[in-house]
**Q** 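Mind having a look at this structure? Questions to follow.
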Amino acid sequence: MRLADLVAGIVFLALNGYAVLGGADFGGGVWALLARGTRKDRQRELIADAIGPVWEANHVWLILALVLLFTCFPAAFARLGIVLHIPLSLVLIGIVLRGSAFTFWRYGGGAHGDEAQRHWGSVFAVASLITPLLLGTAVGAIASGSVRAGGTGSGAGFYDVYVAPWWTAFALSVGAFALVAFAFLAAVYLTLEAQQPELREDFRRRALGAGAALFGAALLVLTLSGSGAPRMRAGLIFAPWAVPLHLLTGATAVTALAGLWRRRYRLARVAAAAQVSLILWGWALSQYPYILPPDLTITEAAAPAVTLRLVLGALALGAVVLLPSLYYLFRVFKSRSQPSAIGRQ
Amino acid sequence: MPDLLAARSQMAVSLAFHIVFAVIGIAMPLMMVLAERRWQVTGHAIYLDLAKRWARGTAILFAVGAVSGTVLSFELGLLWPEFMRFAGPIIGMPFSLEGFAFFTEAIFLGIYLYGWDLIPRPAHLAAGGVVALSGAASGIFVVIANAWMNTPTGFELAQGHAVNVDPIAAMASPAALSQTIHMTLAAYAATGFAVAGIHAFLLLKDRANAFHRRALVIALLVGAPAAVLQPISGDLSARHLARHQPVKLAAAEALFETRAGAPLTLGGWPDVERRQTRLAIDVPYGLSLLAFHDPGAVVKGLDAAPRDEWPNVPAVHLAFQLMVALGTYLALVALWTGWRAWRGADLAHNTWLLRAIALGAPMGFIAVEAGWMVTELGRQPWVIYGVLKTADAVTPMPGLIVPFLAFTLLYCFLGVIVAWLLYRQIIRSPDIPEWRGFYMPPAGRGNRKAEG
Ligand code: HDD
Ligand code: HEM
Ligand code: HEM
C-alpha cells in the first residue's frame with residue numbers, strides 16, 4: 001500500500017469516528033425535536049445528559065479529519081472549499097448554532113425548563129437537522145463526481161460552478177440518508193443510556209422505526225444513484241469486494257434490529273455503529289483511487305512524502321495519548337448511572 | 001464591497017471573535033485548578049464554590065471557542081484555498097499537533113466538568129491540570145503556524161511551487177519563539193486581569209465579601225506576573241521585527257525614512273502622502289535603542305519597501321500604540337499590586353488599587369486584539385510574507401459579502417448571549433450568608449495571614 005493511501009485511510013477513519021460519535025449527537029438533537037408524549041421532558045433530559053460530557057470530544061473528530069485533509073491532501077481541500085462553499089458555509093452555521101445552543105441550554109441558568117432554556121433547546125434541535133443534511137449532501141456531491149476544478153464542468157456560470165454540483169436529487173438523498181442514519185444511531189445508543197424502563201422502551205421503538213426508515217433511505221439513494229452517481233454505483237455492484245461488503249453490512253443491519261427487538265441493547269449498539277461504518281467504507285472503496293472523482297486521485301492530491309511521514313509519526317504519538325484518554329472518558333461516563341452535571345446543581 | 005475585502009473582513013471578524021475565547025480557554029483552566037487545589041489543601045468550601053463557578057463559565061466559553069475555531073479551520077479552505085494549497089503541506093504539522101492538543105483538552109474538560117463526584121479527587125485535579133496544559137499547547141501550536149506566515153522557512157520556491165519541503169524547519173521559523181512567548185503571556189495577563197477586575201469591582205461595593213477576596217487573589221496570581229513580563233517579551237518581539245520584518249516595524253513605529261539613531265514616535269497620526277507623522281512626541285534615539293540596544297543603529301523605514309508593499313500605516317501604528325499603552329498600564333498596576341502584597345497590605349481595603357484593577361479589566365483583551373492587528377495588518381499585502389500576496393490566495397467565489405455579513409451577525413448574536421449568560425451566572429455573588437463577611441473555617445486557620 002502506498003503512503004498516501006494509508007494516510008487517506010486514516011483521514012477517513014477520523015471521519016468515521018465523527019459519524020458514529022458526533023453523528024449520534026446530531027441524532028440526539030433530532031430526537032429532542034421529536035420528543036412527544038407525557039415523557040417528553042424526561043426524554044430531552046436524557047438526551048442532554050448523554051451528550052453533555054462527550055460532545056466536545058466527539059466534535060474534535062471532525063477537526064482532526066479536516067486538519068489531516070488540508071495537511072496531507074491540500075489540493076482536495078482547496079477544491080472542496082471552492083466548489084462546496086455554499087453547503088459547507090451552511091454546515092458551519094449549523095455547527096456554531098448547535099454547539100453553542102446546546103451549551104446555553106445546559107448551562108443557561110434559571111430553573112430547569114424555564115422559557116429561555118426551552119428556546120435554546122429548539123435552536124439546538126433545528127441546527128441538528130440542518131447540519132447532517134448538508135454534510136450528507138456534500139458527501140453526495142463528492143460521490144457523484146461533480147466536484148471538479150470548475151464545479152460540474154458543464155459551464156462557467158455561478159450556478160454551474162457553485163450550486164449545480166450539490167443541488168441534485170442524488171446528493172440531497174444522501175443528505176437525507178445521513179440524517180436518518182444519525183437519528184438511528186442516537187436512538188440505539190439512548191436505549192443504553194436510559195435508566196428507567198419506560199424511557200428505554202421509548203427509544204427502542206424510535207430506534208426500530210429509524211432502522212426501517214434507514215432501509216427506505218438506502219433504497220432511495222440506490223435508485224437515484226443510477227443517474228446521479230453511476231461510477232459509485234458500478235463500484236458498489238461489480239467490484240470484487242462488493243458482495244462480501246454488502247453481506248457484512250446486511251448482517252450488521254439485521255443484528256442491530258434483532259438486538260433491539262430482543263432488547264439486547266449492547267449488541268445493538270455495536271452492530272449499529274458497525275453498520276454505519278461499513279456503509280461509509282463502501283463509499284470510500286467505491287471511489288478509490290480517487291479522492292475527488294472523476295479526476296483527482298489520492299496520489300495526485302497528496303502532500304510531499306516528508307509531510308505524510310511526519311504526520312504519520314505525529315498520529316502514532318497522538319494515539320498513545322488519545323486512545324487511553326478516550327477510553328477513560330467513555331469509561332467514566334458511559335458505563336454507569338446519570339452524570340452529575342454541574343449545570344444542575 | 002470587493003470580494004477580497006469581504007474575505008479579509010470575514011477572516012478578521014472570525015479571528016477577532018475566536019481569540020477572545022481562545023485566550024480564556026488558555027488561562028481560565030489554570031485558575032480553576034488553582035482554586036480547586038486551594039480547596040483540597042485548606043478544606044475551605046469557598047474555594048470549591050469558586051472552582052465550580054469558574055468551571056461553569058469556562059464550559060460556556062469553551063463551547064463557543066470550539067465552534068468558532070471550527071469555523072476558522074473551514075474558512076482556511078472556504079476563503080483562502082490557494083493559500084492552503086501552498087501552505088498546507090508546510091504548516092500542516094503544527095495544525096495537526098494542535099488537533100491532538102484540542103482532543104486532549106476536550107476529553108479532559110468533559111471529565112473535569114462532569115466528573116466532580118465520579119472520580120477520585122486527585123484524578124479530578126489532574127484532569128484540570130491536563131486541560132490547562134493542553135489549552136496552552138494548542139495556542140502555541142496555532143501561533144507557530146501564524147509565525148511561519150510572517151517569516152516563512154522550510155521550503156524552496158520553484159515556479160511558484162514549494163519544493164524541498166521541511167515541515168520541522170517551518171515550525172522553527174524565526175518569528176515562532178517571540179510570538180509564542182508573547183501570546184501565551186498575553187492569555188494569562190488578559191484573562192487574569194479581566195477576572196481580577198470584575199472581582200475588584202464587586203469588592204468596591206462589598207468590601208468584606210470573602211468570596212470575591214479569594215477570587216481576586218487567585219486571578220492576580222495568574223495575571224500580574226504575566227503582565228509584568230509582557231513588556232519584556234514585547235521588546236523581544238520588536239527586536240525580532242527589526243531583523244526579520246522591517247516593514248512591519250516601520251509601520252508600527254510610523255518611521256518613514258531609514259535612518260541611524262531613529263527616534264521613538266509616541267502617538268500622532270501618520271500622514272502617508274506627506275510621509276510624516278503629525279502631533280507625535282519623539283524620543284531621540286529611542287527606537288534604535290529599543291530595536292538594537294544601540295543608540296546609533298540604523299533602523300529600516302518604510303522607504304525600504306516599494307510603496308505598493310506598504311501595509312495600512314495609520315492602522316498599524318495606532319494599534320501598536322494602543323497595545324503598548326495598555327501593556328504599560330497593566331504592568332504598572334501589577335507592580336503596584338505586587339509591592340502592596342509584599343508589604344503585607346490588605347488589597348481589598350486599598351480603594352485606589354481596587355479601582356485601578358477594575359479599570360484594567362477590559363485592557364488585556366483590547367491589547368490582544370490590537371496586537372493581532374499589528375501582526376496581521378502589518379503583514380499586508382502578503383499572506384505569506386514575501387511569498388504569496390493575499391490577493392492571489394483568495395477564493396474565486398463571488399458574492400463573499402453574503403457570508404461575511406452572515407457570520408458577522410451570527411457572532412454579534414453569540415457575543416450578546418454569552419455576555420448575558422455570564423452576567424447572569426458568574427458575576428452574581430454566592431448566596432451563602434457567612435461568605436458575605438470575613439469567613440474562615442477552622443481547617444483554614446493556618447493560612448489566614450496569606451489569604452486575608
Ligand atoms: C495582553 C496583551 C498584550 C500586551 C499587554 C502587549 N502585547 Fe504585544 N501583542 C499581543 C498582546 C499584548 C498579541 C495579541 O498577543 C500579539 C499579536 C501576535 C503576537 O505574537 O502577540 C502582540 C504582538 C506584538 C508585536 C508584533 C509581533 C509580531 O508581529 O511578530 C510587538 C512588536 C509587540 N506585541 C510588542 C509589545 C510591547 C512592546 C508591549 C509593551 C507593553 C506589548 N506588546 C504589550
Ligand atoms: C492566535 C490565535 C489562536 C489561538 C491562541 C488559539 C487557541 C485556541 C484554544 C486555546 C482553543 C481551545 C478552545 C477554547 O479554549 O475555547 C482553540 C479552539 C480551536 N481553535 Fe483556535 N486559536 C487561534 C487561532 C485559530 C485558528 C487560526 C484556527 C484555524 C485555523 C483555530 C482553530 C481552532 C479550532 C478548530 C478549535 C476547536 C477545538 C475544539 O473543538 O476543542 N484557532 N483555539
Ligand atoms: C487570533 C488572533 C488573530 C487575529 C485577531 C487575526 C487577525 C487577522 C486580521 C485582522 C486579518 C485581516 C488582515 C487583512 O487582510 O488586512 C487576518 C488575516 C488572516 N489571518 Fe490572522 N489573525 C489572528 C491569528 C491568525 C492565525 C493564528 C492564523 C493562521 C495560522 C491566521 C491566518 C490568517 C489568514 C490566512 C488571513 C487571511 C489572509 C490575509 O489577510 O493576510 N491568523 N487575521
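Remember, it's a predicted structure, so these values are computed and weren't measured experimentally. Lettering follows sequence order; numbering is per chain, from 1.
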**Q** Chain B heavy atoms under 4.5 Å from Leu66(A): which part of the residue, side chain, backbone, both or neither?
**A**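 Side chain only.
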**Q** When rounded to the nearest 0.5 angstrom, what distance separates CG in Leu310(A) from CD1 in Ile168(B)?
**A**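 So the gap between those two atoms works out to 4.5 Å.
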**Q** Tyr328(A) vs Phe108(B) aromatic rings, parallel, tilted or perpendicular, using cut-offs 30° and 60°?
**A**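 Tilted.
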**Q** Counting only heavy atoms closer than 4.5 Å, note whether Leu97(B) contacts chain A via side chain, backbone, both or neither.
**A**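 For Leu97(B), the side chain is the part near chain A, not the backbone.
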**Q** Compare every heavy atom of Ala314(A) with every heavy atom of Met93(B), then report the nearest pair and how far apart it is.
**A**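 Shortest heavy-atom contact: CE-CB, 3.7 Å.
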**Q** What I'd like to find out is whether the side chain of Leu78(B) reaches to under 4.5 Å of the side chain of Ser89(A), using heavy atoms alone.
**A**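 Yes; the side chains approach each other to less than 4.5 Å.
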**Q** Taking all atoms of both residues into account, what is the closest heavy-atom pair of Ser100(A) and Val64(B), and its distance?
**A**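 Nearest heavy atoms, Ser100(A) then Val64(B): CB-CG2, 4.5 Å.
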**Q** So what's closer than 4.5 Å to chain A heavy atoms on Ala170(B): side chain, backbone, both or neither?
**A**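 Looking at Ala170(B), nothing touches chain A.
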**Q** Side chains of Phe103(B) and Leu326(A): does their closest heavy-atom pair fall under 4.5 Å?
**A**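 Counting from C-beta outward, Phe103(B) and Leu326(A) do come under 4.5 Å.
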**Q** For Leu315(A), is it the side chain, the backbone, both, or neither that has a heavy atom closer than 4.5 Å to a heavy atom of chain B?
**A**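 Both backbone and side chain of Leu315(A) come within 4.5 Å of chain B.
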**Q** Which region of Pro403(B), side chain (C-beta onward) or backbone (N, CA, C, O), has a non-hydrogen atom less than 4.5 Å from a non-hydrogen atom of chain A, or is it both or neither?
**A**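 Only the side chain of Pro403(B) comes within 4.5 Å of chain A.
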**Q** With a 4.5 Å heavy-atom cut-off, do Pro398(B) and Phe158(A) have their side chains touching?
**A**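 In contact.
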**Q** Working note: Leu322(A) + Phe100(B), criterion side chain to side chain contact (heavy atoms under 4.5 Å, CB included); need CA distance, chi angles, decisive distance, verdict.
**A** CA-CA 8 Å; Leu322(A) 276 188; Phe100(B) 280 113; 3.2 Å; yes
**Q** Return the minimal non-hydrogen interatomic distance between Ala63(B) and Gly99(A), and the atom names on each side.
**A**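 The answer is CB-O, 4.4 Å.
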**Q** Could you tell me if His85(A) and Thr395(B) have a donor-acceptor pair between their side chains, going purely by distance under 3.5 Å?
**A**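 Short answer, no.
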**Q** Roughly how far, to the nearest 0.5 Å, is the CG atom of Leu92(A) from the OG atom of Ser68(B)?
**A**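 The distance works out to 11.0 Å.
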**Q** To the nearest 0.5 Å, what is the distance between CG (Leu409(B)) and CD1 (Ile93(A))?
**A**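 Answer rounded to 0.5 Å: 10.0 Å.
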**Q** Against chain A, label Ile119(B) side chain, backbone, both or neither, depending on which of its atoms sit under 4.5 Å from a heavy atom there.
**A**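 For Ile119(B), side-chain heavy atoms alone lie under 4.5 Å from chain A.
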**Q** If you look at every heavy atom in Pro74(A) and Met84(B), which pair is closest and at what distance?
**A**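 The pair with the smallest heavy-atom distance is CB-O, 3.6 Å.
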**Q** Compare every heavy atom of Ile60(B) with every heavy atom of Thr103(A), then report the nearest pair and how far apart it is.
**A**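 Smallest interatomic distance, heavy atoms only, reads CG2-CA, 3.7 Å.
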**Q** What part of Ile86(A) lies closer than 4.5 angstrom to a heavy atom of chain B: side chain, backbone, both or neither?
**A**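 Contact with chain B is through the side chain of Ile86(A) alone.
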**Q** Counting heavy-atom pairs under 4.5 Å with chain A, which one of Gly399(B), Ala406(B), Pro167(B) comes out on top?
**A**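 So the answer, after comparing Gly399(B), Ala406(B), Pro167(B), is Pro167(B).
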**Q** In this structure, are over 12 heavy atoms from other groups packed under 6.0 Å from Tyr327(A) atom OH?
**A**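 Result for OH/Tyr327(A): open.
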**Q** On a heavy-atom basis, which atom in Ser325(A) and which in Ile107(B) lie closest, and how many Å separate them?
**A**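 Distance-wise, the nearest heavy atoms are O-CG2, 3.6 Å.
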**Q** Is chain B contacted by the side chain of Leu64(A), its backbone, both, or neither, given a heavy-atom distance below 4.5 Å?
**A**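 Contact with chain B: side chain only.
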**Q** Nearest 0.5 Å, please: how far is CG in Asp49(A) from OH in Tyr114(B)?
**A**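 The distance works out to 8.0 Å.
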**Q** Which atoms of Leu410(B) come close to chain A, meaning under 4.5 Å heavy atom to heavy atom: side chain ones, backbone ones, both, or neither?
**A**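 Contact with chain A is through the side chain of Leu410(B) alone.
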**Q** With respect to chain B, which residue among Val306(A), Ile82(A), Leu69(A) yields the maximal number of heavy-atom pairs within a distance under 4.5 Å?
**A**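 Between Val306(A), Ile82(A), Leu69(A), the count favours Ile82(A).
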**Q** Are the side chains of Ser96(B) and Phe70(A) in contact, using a 4.5 Å heavy-atom criterion?
**A**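 No; the side chains remain at least 4.5 Å from each other.
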**Q** Side chain from CB out, backbone as N, CA, C, O: work out which of these in Phe407(B) comes under 4.5 Å of a heavy atom of chain A, or both, or neither.
**A**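 The side chain, not the backbone.
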